[in-house]
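Start at 1 and go down the list; that is how both ligands and their atoms are numbered.
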Amino acid sequence: MHNLLSKIDSGEFVRDFSLGELKDLADEIRDVLCNLLSDRTAHFASNLGVVELCLALHNVFDFRRDRLIWDTGHQIYPHKLITGRYHEFKTMRTKGGLMGYPNPHESEYDLFMTGHAGSSVSTMLGLRSGDELSGEEDRYAVAVIGDGAFPSGIVYEALNNAGGMKKKLLIVLNDNRMSICPRVGGMATYLDRLRTNPFYTGLKSEVVKALSKVPLLGDPTERFLAQLKEGIKAGLHGGMLFEDLGIRYIGPIDGHNIAVVRKYLQMVKTQEGPVLLHVVTEKGHGFQPAAEDPVFFHTPPAFENNNGKAVHKKKGSSKVFTDFASEAIRTQMQRSERVTVMTAAMCQGNKLESIRNEFPSRFFDTGICESHAVAFAAGQAKAGLRPIVDIYSTFMQRSYDQIFQEVALQNLPVVFMMDRAGLTGPDGPTHHGVFDIGYMRLFPNMVVMAPGDAHDMTQMVDFAIHHSTPCSLRYPKAVAGILPGERTPVELGKAEVVHWGLDGTILACGSLVSEALEASVLLREDGLDVGVVNARFAKPIDRDIIRQAISETGFLITLEESTLMGGFGSAVLEVVCEDGLPAGNLHRMGIPDQFIEHGDRAELLADLGLNAAGIARTCRLAATSTADLKQQHVIR
Ligand SMILES: Cc1ncc(C[n+]2csc(CCOP(=O)(O)OP(=O)(O)O)c2C)c(N)n1
């Protein structure tokens with residue numbers, strides 16, 4: 001059925017394709033994309049939008065030598081399909097299968113493993129400069145960046161550098177007017193103005209006609225581009241921002257017209273110095289439901305493609321931690337007009353849409369600008385507000401220095417809500433939020449919490465809003481239950497005993513408390529009475545409970561969905577060392593010092609021994625070594 005795709009085993013193939021073949025190939029790619037999601041969730045609308053752009057790029061450049069970086073990388077599927085990965089494509093985002101982002105282990109055509117937005121222009125500039133220094137200046141360098149990623153601060157650092165270095169390179173700005181949600185901010189308005197440029201609207205067909213008469217190489221192209229540039233300048237001042245930075249602005253052009261995109265790419269290839277080609281595309285192009293609702297179809301739940309209609313599967317109705325987080329934020333915003341909330345372009349993922357509508361003046365979407373969001377929140381806190389920064393754990397890493405300097409060092413009461421903390425599943429190593437306990441607990445003044453269930457979430461947000469220093473909460477992409485038994489109020493640095501057992505204690509931090517409880521049920525069947533403590537705080541940590549568990553129960557196991565190095569278990573070890581407690585039967589369970597691949601979260605947890613069965617296994621071993629230890633004691 002996919003006559004062309006099935007024969008392509010390298011990006012090289014597409015270089016010789018005729019325009020007609022490229023168009024047929026575009027249809028085949030769309031067909032594959034539109035049927036991929038029948039049994040999984042994956043990035044969808046963004047990929048549909050770049051099909052023609054991707055084909056034109058691979059047709060004009062030779063990316064075995066030339067350099068191509070897709071910013072963020074979520075729109076990499078067409079590129080994967082035409083660089084030899086068609087036959088494995090159905091394994092996309094499953095464990096052991098293709099990654100949903102660029103992956104150099106899969107192909108020489110993927111240069112960096114990415115998933116975080118905004119770094120493409122920098123790495124591409126570095127590649128260009130590195131190739132020049134290595135005497136390989138014939139290698140062309142291209143970055144493709146969406147208008148949602150474009151406002152990231154790092155992009156301006158790179159543009160500034162590129163304008164100054166005057167290197168020969170190409171930035172393709174893929175403008176579909178969308179981030180995940182509609183794009184926001186001043187750059188969005190600026191790009192809208194450029195779109196209304198007569199070059200794109202009225203003059204487009206004449207320009208295309210003129211272009212077809214211009215030889216593609218040599219002086220005439222230079223002259224033509226110079227005229228074009230002057231024409232734009234004289235007209236609506238299109239692209240002056242870039243021109244003034246030393247980057248030649250060309251466009252906007254229609255990104256779904258392969259012939260036009262190809263022609264422009266051939267032209268810019270002959271240009272010296274940095275060029276920004278503004279390409280206009282439609283997110284979800286070619287599948288009507290996605291084009292009409294690109295927010296929903298950014299990463300939609302599984303659906304069948306029924307002749308261009310999306311037929312959705314029944315969804316489970318269990319509430320996840322994010323639901324409780326957003327409810328808790330709403331409650332605080334209703335209670336006090338001083339409470340504000342920030343998202344960095346993740347309004348939908350953070351389930352903040354209804355809060356945005358209910359409190360438009362206290363809801364702030366900064367765009368994909370996490371470091372700015374944190375410093376911005378610090379300013380608000382200084383002005384007397386109680387800002388909540390709601391950002392995924394992995395993306396919060398972008399704002400590390402602002403957490404340090406603008407928040408912790410000033411001891412400002414900013415609340416950090418770190419969603420998707422832990423293994424995020426099919427997105428993989430670029431998105432697992434496994435470092436935050438380590439990086440947050442390093443800062444003086446910072447309180448580090450992890451709700452064990454939905455009840456904790458509400459209590460902790462309330463606690464954080466009323467606390468006088470910065471606070472962070474981490475919670476996973478998982479269903480949030482309610483722990484059994486009578487609950488204790490959230491109190492600074494105090495853990496909560498869910499069940500006390502004499503044979504051993506599992507001290508679980510956050511997301512894995514429920515797995516620990518299941519493990520303790522399994523262990524009871526073996527005659528072992530193992531207790532479970534909901535740690536609640538990684539900082540300040542409950543020293544008393546650690547001492548009590550070590551002295552009164554057979555063993556102590558720390559459990560976390562986070563890196564062992566520097567994480568919660570490390571914090572416990574620090575206490576053990578400082579307080580001179582015996583560490584002989586202390587075991588830490590968590591994520592080892594390696595990057596974890598993509599796959600279903602439950603599968604990944606099981607592989608790491610972090611599910612109920614794995615925890616029970618470790619407890620049995622700990623119980624045996626406790627018995628051994630006692631034995632040795634008696635013998636001595
Ligand atoms: C640093 C960072 N923050 C947030 C995200 C989440 N994210 C993934 S794609 C995306 C939107 C990107 O928009 P754009 O670059 O315009 O691409 P489009 O999907 O519109 O093609 C966002 C916010 C991310 N990947 N990286």
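Set against the non-hydrogen atoms of His74, the atoms of ligand 1 under 4.0 Å away are 9 (S), 17 (O), 18 (P), 19 (O), 21 (O). Residue-ligand proximity, Arg398 to ligand 1, at heavy-atom distances under 4.0 Å covers atoms 1 (C). Close contacts between ligand 1 and Ser46 involve ligand atoms 18 (P), 19 (O), 21 (O) [criterion: under 4.0 Å to a heavy atom]. In the vicinity of Thr72, heavy-atom distances shorter than 4.0 Å reach the ligand 1 atoms 25 (N). Residue contact check: Gly115 has heavy atoms under 4.0 Å from atoms 24 (C), 25 (N), 26 (N) of ligand 1. The atoms of ligand 1 that sit less than 4.0 Å from any heavy atom of Gly146 are 14 (P), 15 (O), 16 (O).
Nearest protein heavy-atom neighbour of atom 13 (O) of ligand 1: Ser179 CA, 3.4 Å. Here the heavy atom of the protein found nearest to atom 15 (O) of ligand 1 is Ala149 N, 3.1 Å. Of the protein's heavy atoms, Ile180 CG1, 3.6 Å lies nearest to atom 10 (C) of ligand 1. If you check which protein heavy atom lies closest to atom 3 (N) of ligand 1, you get Glu370 OE2, 2.7 Å.
For the ligand labelled ligand 1, residue His298 lies inside the 4.0 Å heavy-atom shell. Residue contacts with ligand 1: Gly49 is excluded, as none of its non-hydrogen atoms falls under 4.0 Å. Taking a 4.0 Å cut-off on heavy atoms, Gln75 fails to register as neighbouring ligand 1. Note on ligand 1: Gly118 sits outside its first shell, no heavy atom being nearer than 4.0 Å.
Residues Thr322 and Arg420 bring a donor and an acceptor atom of their side chains to less than 3.5 Å of each other. A side-chain N or O of Thr340 and one of Gln380 form a donor-acceptor pair less than 3.5 Å apart. For the residue pair Asp110/His105, the side-chain donor-acceptor check at 3.5 Å is not satisfied. In summary, the side chains of Tyr109 and His58 do not present any donor paired with an acceptor at a separation below 3.5 Å, with no hydrogens or angles considered. Side-chain contact, Arg474 with Ser393: no donor N or O sits under 3.5 Å from an acceptor N or O. Residues His598 and Asp427 bring no donor and acceptor atom of their side chains to less than 3.5 Å of each other. In this structure, a donor-acceptor pair under 3.5 Å is absent between the side chains of Asp390 and Thr343.
Classification of Glu52 and Arg30 as a salt-bridged pair holds, one side-chain N sitting under 4.0 Å from a carboxylate O.
Checking only distances, Gly148 does come within under 3.5 Å of ligand 1, N or O to N or O. The shortest N/O to N/O separation between Ala117 and ligand 1 falls below 3.5 Å. Considering both main-chain and side-chain atoms, Lys283 comes within under 3.5 Å of ligand 1 through a nitrogen or oxygen pair. Checking only distances, Met346 never comes within under 3.5 Å of ligand 1, N or O to N or O.
The six-membered or imidazole ring of Phe595 lies away from that of His432, with a centre-to-centre distance of 6.0 Å or more.
Considering each of Asn176, Ile391, Thr430, Ile368, the one bringing a non-hydrogen atom nearest atom 21 (O) of ligand 1 is Asn176.
Both the backbone and the side chain of Asp147 come within 4.0 Å of ligand 1, judged by heavy-atom distances.
Under a cutoff of 6.0 Å and an axis angle of 45°, Lys269 and Phe61 form a cation-pi pair.
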(request) Under the side-chain contact (heavy atoms from CB on, under 4.5 Å) rule, what do Leu277 and Leu173 come out as? Steps first, then yes or no, please. (result) CA-CA 6 Å; Leu277 179 64; Leu173 173 58; over 6 Å; no
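Checking side-chain atoms of Glu243 against main-chain N and O of Tyr249 turns up a donor-acceptor pair under 3.5 Å.
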